[in-house]
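Here's the structure we're looking at; comments come further down.
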Amino acid sequence: MEIRKLGQQEHQDSRRLYEEVFEEDSASFVDYYYTEKTRDNQIYVVEADGGIRSMLHLNPYRLYVNGSGKDVNYIVAVATQKEYRKRGYMSALLKTSLNDMYQAGESFTFLMPASESIYAPFDFRTVYEQNRRFYRSEDEEAADIVITDAKDEDCRELAGWANQRLAERYQVFAIRDEAYYQRLIREYECEGGSLKIYRRDGQIVDCRGCYPNEDNERPKIMVRIVDVRRMLMALCLRSLTGVCFCVTDPLIRENNRCLVVTGTEFSGVMLMDGKEENSEGTITVAALASLIFGAGSVEDVCREEGVEMSQRMKEELGKWIPLSGICLNETV
């Protein structure tokens, strides 16, 4: 067994495994994926017996996180050939890619799980349920709205409108640019759909996808902290804060450390390395993700295995403003 990252020119070699495992995806979608998404993604594979037996794709996104831009990878197409399952291949790919992302300076990663139970043991936590809005024929009845199919020449305008609108509502979202919407148009078209632009008096007021067979499912999004220090630096605070605690992470060795978190509502978070003898408690990297992304309260995470907090630590962590305003509706 060998784990390696494919060279760009080798990405097409993984298509056979993709088609074998994700047989529910249409040929046109797979064509789209291997034309558009594999141009700039990373593909980790396990090779055994002369072929690719397992893989994991990292699709790059630029995310807005509390006013700053962060390069984050969306983990997709995690697949193992049926005859090679239950050999630890997926676990090995996750560990390798997570540690590589740490070395690349990334704060966190996210994925859409086939089942949450698959990824929970690797310290992923569910933080968001997708809520995509779709075009409906009755939308055409609004007298002051003009609805058209988005074209490439609309993409720059769409991106400007969307980024401003999303920044007003959310703390975490994928930053749009012209290329983002050009790809999204192709993504809808490959399934026989389109991207609809809603205008009032010539100005964009909405943008919705249109599929021939609309899917009403609301997939979940899970996140995994990659670099604890970088993740904490993205937080805002309610008031003057000062606390020392230890973090445990079974997969990324560098995250196992004692930290001092200080700051104010004006300065933001400031970090220093702490001494274990001064620690006021211990928190797992998974529980920390729940707390940071608003999936659980301080009291919730205190009930988890591996988490211990003094009363003062609980009060100090309660001053953190969680990143609970999330909009991650991307498919791949």
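By the 4.5 Å heavy-atom criterion applied to side chains, Tyr84 and Asp49 are counted as neighbours. Taking the side chain as every heavy atom from C-beta outward, Glu157 and Ile204 approach each other to under 4.5 Å. Under the 4.5 Å side-chain criterion, counting only non-hydrogen atoms from C-beta, Tyr64 is not in contact with Leu166. At least one side-chain heavy atom of Phe122 sits under 4.5 Å from a side-chain heavy atom of Ser91. Considering only heavy atoms from C-beta on, Cys244 comes within 4.5 Å of Cys258 through its side chain. Side chains of Phe245 and Asn278 form no contact here, defined as non-hydrogen atoms less than 4.5 Å apart. For the pair Leu317 and Met309, the minimum side-chain heavy-atom distance is below 4.5 Å.
Heavy atoms from other residues, nucleotides or ligands lying under 6.0 Å from CD of Glu23 number 12 at most. Within 6.0 Å of atom CG in Asp201, 12 or fewer heavy atoms from other residues, nucleotides or ligands are found, so the atom counts as exposed in its surroundings. Remark: Glu254 CD is packed, more than 12 non-hydrogen atoms of other residues, nucleotides or ligands lying under 6.0 Å away.
Looking at Tyr33 and Asp25, their side chains never bring a donor and an acceptor atom within 3.5 Å of each other. For Thr80 and Arg85, the side-chain atoms include no donor-acceptor pair closer than 3.5 Å. For the 3.5 Å distance criterion, the side chains of Tyr119 and Thr126 fail to qualify, holding no donor opposite an acceptor. Judged purely by distance below 3.5 Å, without hydrogens or angles, the side chains of Arg53 and Gln81 pair a donor atom with an acceptor atom. Checked by atom type, the side-chain pair Ser297/Asp300 shows a donor-acceptor distance below 3.5 Å.
Between Arg15 and Glu19 a salt bridge is recorded (basic side-chain N to carboxylate O distance below 4.0 Å). A salt bridge links Arg176 with Glu330; the closest basic N to acidic carboxylate O contact falls under 4.0 Å. Between Arg125 and Glu304 there is a salt bridge, with a side-chain nitrogen of the basic residue lying less than 4.0 Å from a carboxylate oxygen of the acidic one. Checked for salt-bridge contact, Asp139 and Arg208 meet the test: a charged N lies under 4.0 Å from a carboxylate O.
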Verdict with supporting geometry, Val243 and Glu280, side-chain contact (heavy atoms from CB on, under 4.5 Å): CA-CA 7 Å; Val243 62; Glu280 299 175 68; 3.7 Å; yes
Verdict with reasoning, Asp206 to Arg199, per salt bridge (charged side-chain N to carboxylate O under 4.0 Å, His left out): CA-CA 7 Å; Asp206 206 349; Arg199 295 181 185 271; over 6 Å; no
Steps toward side-chain contact (heavy atoms from CB on, under 4.5 Å) verdict (Arg229, Leu232): CA-CA 5 Å; Arg229 290 176 296 181; Leu232 287 169; 5.8 Å; no
Verdict with supporting geometry, Glu187 and Arg183, salt bridge (charged side-chain N to carboxylate O under 4.0 Å, His left out): CA-CA 6 Å; Glu187 187 174 317; Arg183 276 183 167 176; over 6 Å; no
Lys151 vs Ile185, side-chain contact (heavy atoms from CB on, under 4.5 Å): CA-CA, chis, key distance, verdict: CA-CA 8 Å; Lys151 305 297 182 185; Ile185 288 172; 5.7 Å; no
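Exactly one of Arg224, Lys95, Arg257 qualifies for a salt bridge (charged side-chain N to carboxylate O under 4.0 Å, His left out) with Asp249. That residue is Arg224.
No chain of hydrophobic side-chain contacts below 4.5 Å, direct or via other Ile, Leu, Val, Met, Phe, Trp or Tyr residues, connects Val285 to Tyr102. Tracing side-chain contacts under 4.5 Å through hydrophobic residues (I, L, V, M, F, W, Y), one never reaches Val21 starting from Val78; they form parts of separate clusters. One hydrophobic cluster holds both Val30 and Met112 under the rule that ILVMFWY side chains link at heavy-atom gaps under 4.5 Å. The hydrophobic clustering, which links ILVMFWY residues whose side-chain heavy atoms are closer than 4.5 Å, places Val127 and Leu98 apart. Hydrophobic clustering of Ile, Leu, Val, Met, Phe, Trp and Tyr side chains at less than 4.5 Å, counting indirect connections, keeps Leu56 apart from Val223.
The aromatic ring centres of Tyr18 and His11 sit 6.0 Å or more apart.
What you find for Ile326 and Tyr128 is that their closest heavy atoms are O-CE1, 3.0 Å. Listed here is the closest heavy atom pair of Lys37 and Val332: CE-O, 3.2 Å. Nearest heavy atom pair, residue Tyr181 against residue Ala162, reads OH-CB, 3.2 Å. Nearest heavy atom pair, residue Leu240 against residue Glu265, reads N-OE1, 3.8 Å. In terms of heavy-atom proximity, Leu63 sits nearest to Ala174 at CD2-CA, 3.4 Å. Of all heavy-atom pairs spanning Ala234 and Leu323, the tightest one is O-CD2, 4.5 Å.
Checking side-chain atoms of Asn163 against main-chain N and O of Ile175 turns up no donor-acceptor pair under 3.5 Å. With hydrogens and angles ignored, the 3.5 Å screen pairs no side-chain donor or acceptor of Glu140 with any backbone N or O of Ile145.
Once rounded to the nearest 0.5 Å, the distance linking CE of Met270 with OG1 of Thr262 reads 4.0 Å. In this structure, the separation between OH on Tyr170 and OG on Ser324 is 11.5 Å, given to the nearest 0.5 Å. Rounding to the nearest 0.5 Å gives a distance of 8.5 Å between SG of Cys327 and CZ of Arg165. Here the CG-SG distance, from Asp154 to Cys207, works out to 9.5 Å after rounding to the nearest 0.5 Å. With rounding to the nearest 0.5 angstrom, the CZ atom of Phe110 is 9.0 Å from the CG atom of Asn59. A distance of 6.5 Å separates CD in Glu36 from CZ in Arg186, rounded to the nearest 0.5 Å.
Under the 6.0 Å distance and 45° angle rule, Arg4 does not count as a cation-pi partner of Tyr44.
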